[in-house]
Amino acid sequence: MMKKIVSMLAISIMLLSVISFGVGITFKDVENHWAKNEIYAMAEKWIILGKGDGTFAPDEKIIKSHAFLMFSRLMGFYEEENKEIVENATEEYSEILQQNGIKQAKAEIAFLVKTEVISMEDIIELLGNGQEEKNLTREEAAYIFVKLLNDEDKLNTFISEIFKDTDEIDDKYIKHVEYVKNIGLMLGMDENNFGPKENVTRAQVATILYRVDEIIYERKLTEINGEIREISDKEISVYVGEEERIYNITHDTLVFSDTELIQIETLKKGDLVQLFVKDNNDIDRIYLNNVEKNVYGTFAGYEINSETKKVEKIYIIQNDKQYAYLVYDNVIVKNGNKTVNIENIKVNENIELQILNGKVKQIDIGKIYYKEQGIIEEIIIGKQNYITIKNLKGESVKYLLLKDSLYDFDGAEGNIYDLRLEMDVELTVNNDGVEKVEVVTLTNIEILKGKVDKILPKIYVFTMINEEGQTLMMFLDEEETVIKTQNGVAKDITDIKQGDNVSIYGRYEGDVFYPIQVIIHNGEVK
């Protein structure tokens, strides 16, 4: 299993690098600016309009009244459906705004109050009595961006991170600063300081508004996780659980494999995908999330579908246990360099299964090799030598040590008598026994915690919301991932329910996370 866990926010922001913006508005002072793409993206939507002289002044500090013009436009001030709301808001709030010394952008500010983006009390505090001409500070920006996202109910999601200049942050804004930093919307001025009283530039506001717009847009999409049944250039049919659903593919649909943009023609029947769908059933984005793994064992037989007359399942023996795997219609069977029929496999013959999304796509006959990590629990020396290890799943497994087994101690050659209980080892195993024992330092076990969001039991996958509010997809291994309760009661994927609190023990190899154990908690995850 090789699958990266990727933050959806990070991918949303990354789209900026693959989309070119065709805009009618141009600014002569942003062509070589670092925020050029974000500025033009916002100009295309009429959220920013420039200075009126063909410039945008990207590095100029932004005054509050100009910032609120942008905020209001982002929230729909110019949209035709909000025309009546704008008129009513202007009539209702103009006088009170005027009385508090707010003379600019009154219609836009009234619209924000009317739509409950921000309260009148906040408006008077931020803009009233001469404040509207002052420059917007970083802590004020953080406060407003949280309100634009309507995320104030999430402010206690994160554990506070202390900046060196935390004491300089107004108490009213601390949680907001903390939140925008943790979701990647606003970072510190450097690693240790936020710079709460520093002013933000027009380019910085445009950049953050671009990110806010992406988040708002993505939240309007419906997330679908499933397996492709059929795909054409116009639509895609996916299995969601046992239900078949059909969605539209358009010329604007983007397709990703992890974080790389790929051609839609890459997708095929049986692929595991994550779709983000608009209200009109058009697909905005597709993420290819295939789960691939290899399984080793001895052949125990197969099962034929009585209707199609094709092989439907294959059975193997592994560690004295029998397992069944579904088989793709076009499964390939290889014996060395030859392609043979599945009927040519003999019972008890060693085989390797290449599995894609829970189904066997290829079977290889012959000698097999695999690696197992763990801690030595027992060593038996006699006519036949054995080693028992507790593997990373917590299981005790006994292996035969071959007469010509190699023993590697951090690059130095040794022998069986150099082994000690509690040593960390990696075994190279073939059909006959252990070919090599290597003393290693095992990869540290990581713990991910969160709340289950959606479950796809058919393909042993679920999504969860982690402690940072990110959506992570967990690709479990049906044979290798242990699922149990906090009291140790064994469970399987069908026992995991939406809303369950879970902690997932696994390890990273590079940026790939391997779940080893899922614990379902009755209450909050401690």
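All values below were derived from every heavy atom in this structure, side-chain atoms included, with hydrogens, water molecules and symmetry-related copies excluded.
Considering all non-hydrogen atoms of both residues, Ile379 and Arg420 come closest at CD1-N, 4.2 Å. Closest heavy-atom contact between Thr481 and Pro515: OG1-O, 3.3 Å. Of all the heavy atoms in Leu353 and Ile351, the pair that sits closest is CD2-CD1, 3.8 Å. When all heavy atoms are compared, the tightest approach of Ala300 to Ile317 is CB-CG1, 3.9 Å. Smallest separation of non-hydrogen atoms from Ser396 and Glu377: OG-OE1, 2.6 Å. Residues Asp495 and Ile520 approach most closely at O-CD1, 4.1 Å, considering heavy atoms.
Taking the side chain as every heavy atom from C-beta outward, Asn335 and Asn344 never approach each other to under 4.5 Å. Residues Met75 and Leu148 are in side-chain contact: their nearest non-hydrogen atoms beyond the backbone lie under 4.5 Å apart. Looking at Ile416 and Asn385, their side chains come closer than 4.5 Å, going by heavy atoms from C-beta outward. Looking only at side-chain heavy atoms (C-beta outward), Ile228 and Lys268 stay at 4.5 Å or farther from each other. Proximity of Tyr247 to Leu275: side-chain heavy atoms (C-beta onward) are separated by under 4.5 Å at one or more points. Looking only at side-chain heavy atoms (C-beta outward), Asp213 and Met42 come within less than 4.5 Å of each other. Counting only heavy atoms from C-beta outward, the side chains of Val461 and Asn289 never approach each other to under 4.5 Å. Proximity of Thr428 to Lys371: side-chain heavy atoms (C-beta onward) are separated by under 4.5 Å at one or more points.
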For this session: Check step by step if side-chain contact (heavy atoms from CB on, under 4.5 Å) holds for Leu326 and Lys313.
Result: CA-CA 4 Å; Leu326 295 173; Lys313 291 181 182 178; 3.9 Å; yes
For this session: Given side-chain contact (heavy atoms from CB on, under 4.5 Å), test Ile376 with Val437 step by step and report yes or no.
Result: CA-CA 11 Å; Ile376 298 177; Val437 180; 5.5 Å; no
Exercise. Does the side-chain contact (heavy atoms from CB on, under 4.5 Å) test come out yes or no for Tyr210 and Ile39, once each step is laid out?
Worked result: CA-CA 8 Å; Tyr210 173 84; Ile39 290 169; over 6 Å; no
Problem set entry | Worked check of side-chain contact (heavy atoms from CB on, under 4.5 Å) between Ile380 and Lys398 | CA-CA 10 Å; Ile380 298 176; Lys398 186 176 183 179; 4.0 Å; yes
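When atom types are taken as modelled, the side chain of Thr207 and the backbone of Glu38 share no donor-acceptor pair closer than 3.5 angstrom. Using modelled atom types, one side-chain atom of Arg219 and one backbone atom of Leu149 make a donor-acceptor pair closer than 3.5 Å. In terms of modelled atom types and a separation under 3.5 Å, the side chain of Lys346 and the main chain of Glu343 share no donor-acceptor contact. Asp329 contributes no side-chain N or O that, together with a main-chain N or O of Lys310, makes up a donor-acceptor pair within less than 3.5 Å. Between the side chain of Asp500 and the main chain of Val502, no donor-acceptor pair closer than 3.5 Å is present.
To the nearest 0.5 angstrom, Asn415 atom CG is 11.5 Å from Ser405 atom OG. Note that the CZ atom of Phe145 and the CD1 atom of Ile215 stand 10.5 Å from one another [nearest 0.5 Å]. Of the inter-residue distances, the one linking Thr298 atom OG1 with Ile316 atom CD1 reads 7.5 Å to the nearest 0.5 angstrom. Going from atom CE of Met473 over to atom CG of Leu476 covers 11.5 Å, rounded to the nearest 0.5 Å. Leu472 contributes atom CG, which lies 4.5 Å from atom CG of Asn466 (distance to the nearest 0.5 angstrom). In this structure, the separation between CG on Leu448 and CD1 on Ile504 is 6.0 Å, given to the nearest 0.5 Å.
Listed by first and then second residue, the ring-ring contact (aromatic ring centres under 6.0 Å, His included) pairs involving residues 294-322 are Tyr296-Tyr370 (not counting sequence neighbours).
If you check the side chains of Glu292 and Gln354, you find no donor sitting under 3.5 Å from an acceptor. Asp252 and Thr250 form no side-chain donor-acceptor contact under 3.5 Å, judged by distance and modelled atom types alone. Using modelled atom types, one finds no donor on one side chain facing an acceptor on the other under 3.5 Å when comparing Asn248 with Asn281. Checking Tyr179 against Asp151 by side-chain atom types alone, a donor-acceptor pair falls below 3.5 Å.
With Tyr407 as the partner, the side-chain contact (heavy atoms from CB on, under 4.5 Å) test is satisfied by one option alone out of Leu401, Asp418, Val425: Leu401. For the pairing with Val146, the side-chain contact (heavy atoms from CB on, under 4.5 Å) check across Lys175, His176, Lys154 returns one residue only, His176.
Looking at Glu214 and Arg211, no side-chain N of the basic residue comes within less than 4.0 Å of a carboxylate O on the acidic one, giving no salt bridge.
Crowding of Asn280 atom CG: a count of heavy atoms from other residues, nucleotides or ligands under 6.0 Å exceeding 12.
By the 30° and 60° cut-offs, the orientation of the rings of Tyr287 relative to Phe256 is parallel.
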